[in-house]
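A quick write-up on the structure given underneath.
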Amino acid sequence: MRKDARHPNWIWRFAFLVLCQLILIACQTPDATKPPLKDQSPMKKTNPSEEQESEAAAQAGAAMNNLIPKPAEVKPGGDLFTLTAAANIYVDPATDELTAIGQTLADRLNHSTGFHLRVLPAAGILEKGSILLTTSAADADLGDEGYELDISKDAVLLVAPQPAGIFYGTQTLRQLLPPAVEASASRPGPWQFATGTVRDHPRFGWRGTMLDVARHFFQVEDVKHFIDLMAHYKLNRLHLHLSDDQGWRIMIHSWPDLARIGGSKAVNDDPGGYYTQAEYAEIVAYAASRYITVIPEIDMPGHTNAALASYPQLNCDGKAPDLYTGIEVGFSSLCVGKEITYQMIDDVLREIAALTPGPYLHIGGDEASATGPEEYRLFIERVQSIVAAHGKQTIGWEDFARVDLLPGSIAQVWHAQQLEAIRQKGQKVIFSLAPKAYLDMKYDASTPLGLNWAGYIEVEDGYTWDPGDLLSGIAESNILGVEAALWSETLRTPEDIEYMLFPRLPGIAEIGWSPAKGRDWEEYRLRLAAQGLRWEAMGLNFYRSPQVPWEF
Ligand code: TNX
């Protein structure tokens, strides 16, 4: 690659500005200028000895090798950057979007450091010790989500062609800081990063997590927390399983009883709930601010008891069944032969499409054992065209690959029974293999939560697979990526969710983001061990797997 492409003009401009600033500081009398860098430490300590410094550099350097997901390229610099209260976060250009990313970073850092870092437009001299986030003159080869992070003793430069890349770069930066950066209380520093460069971009564009809010309902705040956890590992798709036999979780104004009646309960007779449209929009917007696209799923024609219980006319016999709070599957079906079924689906998908900026609607289509094969075919074909009429692309669980699919329809693989049909039809796929990526499976026989129908998934099992190994003739270009699925039959609280996600979710994130070459469990488990200190600082309820050599 040409040197001027890798190091565009602004780097030289910035280096020059830093140099000017250094000369300025050197020429001024000590009391007439800001104190030199080390005296700005909030601990007001005497200068650490060289030995302490090199120990700190070694520790911070370790963080550079412990990143998850592992970046495409890391070159440790062996030195330290110190974040002080005098630092600023500069954005260039100072768009609302970059300013918002800078502010999210500032909020996190200010919270744990007690500093008051500000986000400012990058104009004029950038003083030593500052952080610059810029999309100007970035290397387009990094792609829509890639970034380059260049940390020297004097400055942090984060450059990316698109704001999404800047956002991911800030997540990397966060992992380079000591674990205390994740704590809810502020602590004294010093706050130091390792120097070095990270050049990074994802392997797959689809790095998802599915949350089942139908079997148990989770409040908006809990979903936001879930989004934050995803963002930490550069995941970018939140698939919300919004309806199932046990609950309908979004208000549809043209069919309000779907939520009012269908949303009133949950598995085990636990309390139900649903999102108002404003709340759903709030989740979508919050996710978007973390570069996460929401994919709403309305599961049909099976998994529909909650809808059938809400409107008698959706049933072939005109009688509404009781609400259902057990965990069986495969017993319900919309009445495929009735026009009103399609009227309801059209209304539901129209209202949801209008609230969903992302290009996808997920129609489920799984385990429709109560729907005849021919009826299923007619149903899926018709619903795909309804989705298209609302300007969206259909996603379905792989079961729907039994029938004719529109060219853009995407199959989500979970039991790998339709791979041949998917291959023949040339559909794009998302891999969510149950024995690997179903994070509602227990870790082992002693796990208090979860199911085990797809087996136990210890941390190693969840990490040691690759969508490329499962090609079965599916071209790599047809693999969109991976998605972890969290079904919630046994999960009731945010702490339950955390326990099933961690430590497995970062493994799925790495499969989605990092180059396949060189991924190795023995090396990964050491990086994971270091993440444990961060989860402790965050107060996460995670599974202390015996497979991971934790550092506490
Ligand atoms: C299978 S996977 C299901 C869900 C269950 C899950 C429990 C799929 C498309 N359907 O209905 O909640 O297993 O692990």
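Every number for a ligand or one of its atoms is a count from 1 in the order of the listing.
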Test item: Asp299 side-chain N/O and Asp244 main-chain N/O as donor-acceptor pair under 3.5 Å: no

For the residue pair Glu351 and His253, confirm or rule out a side-chain donor-acceptor distance under 3.5 Å. no

Begin from the C-alpha positions of Trp550 and Phe542 and carry the test ring pair (Phe, Tyr, Trp, His ring centres under 6.0 Å) through to its verdict. CA-CA 12 Å; Trp550 303 109; Phe542 65 98; 5.4 Å; yes

Looking only at non-hydrogen atoms, which of Asp440, Thr490, Asp245 approaches atom 14 (O) of ligand 1 most closely? Asp440

protein heavy-atom neighbour closest to atom 3 (C) of ligand 1 works out as Glu367 OE1, 3.5 Å

As a quick check of understanding, evaluate side-chain hydrogen bond (donor to acceptor under 3.5 Å, both in side chains) for Gln531 and Gln175, giving each step before the final call. CA-CA 9 Å; Gln531 296 283 316; Gln175 283 193 29; 3.0 Å; yes

Counting each atom of ligand 1 from 1 as listed, which ones have a heavy atom of Met441 under 4.0 Å away? 14 (O)

Sort and list the pairs that fulfil ring-ring contact (aromatic ring centres under 6.0 Å, His included) and have at least one residue in residues 500-523, not counting sequence neighbours. Tyr168-Trp513, Phe502-Trp535

Return a yes/no value for Glu489: is any of its N or O atoms, backbone included, closer than 3.5 angstrom to an N or O of ligand 1? yes

Regarding ligand 1, does Arg215 bring an N or O atom to under 3.5 Å of one of the ligand's N or O atoms? yes

Looking at non-hydrogen atoms alone, which of Tyr438, Trp487, Trp397 comes nearest to atom 2 (S) of ligand 1? Tyr438

For ligand 1, the portion of Leu451 having any non-hydrogen atom under 4.0 Å away: side chain

Does a donor on one side chain and an acceptor on the other come within less than 3.5 Å for Ser332 and Tyr324? no

Return yes when Gln412 approaches ligand 1 closer than 4.0 angstrom through a heavy atom, no otherwise. no

With a cutoff of 4.0 Å, is His303 in contact with ligand 1, counting heavy atoms of the residue only? yes

Under 3.5 Å donor-acceptor pairs involving side-chain atoms of residues 430-440, not counting sequence neighbours:
{"unit_1": "Ser432", "atom_1": "OG", "unit_2": "Gln412", "atom_2": "NE2", "d": "2.9"}
{"unit_1": "Ser432", "atom_1": "OG", "unit_2": "Glu483", "atom_2": "O", "d": "2.8"}
{"unit_1": "Lys436", "atom_1": "NZ", "unit_2": "Asp461", "atom_2": "O", "d": "3.2"}

Minimum-distance protein heavy atom relative to atom 9 (C) of ligand 1: Asp366 OD2, 3.0 Å

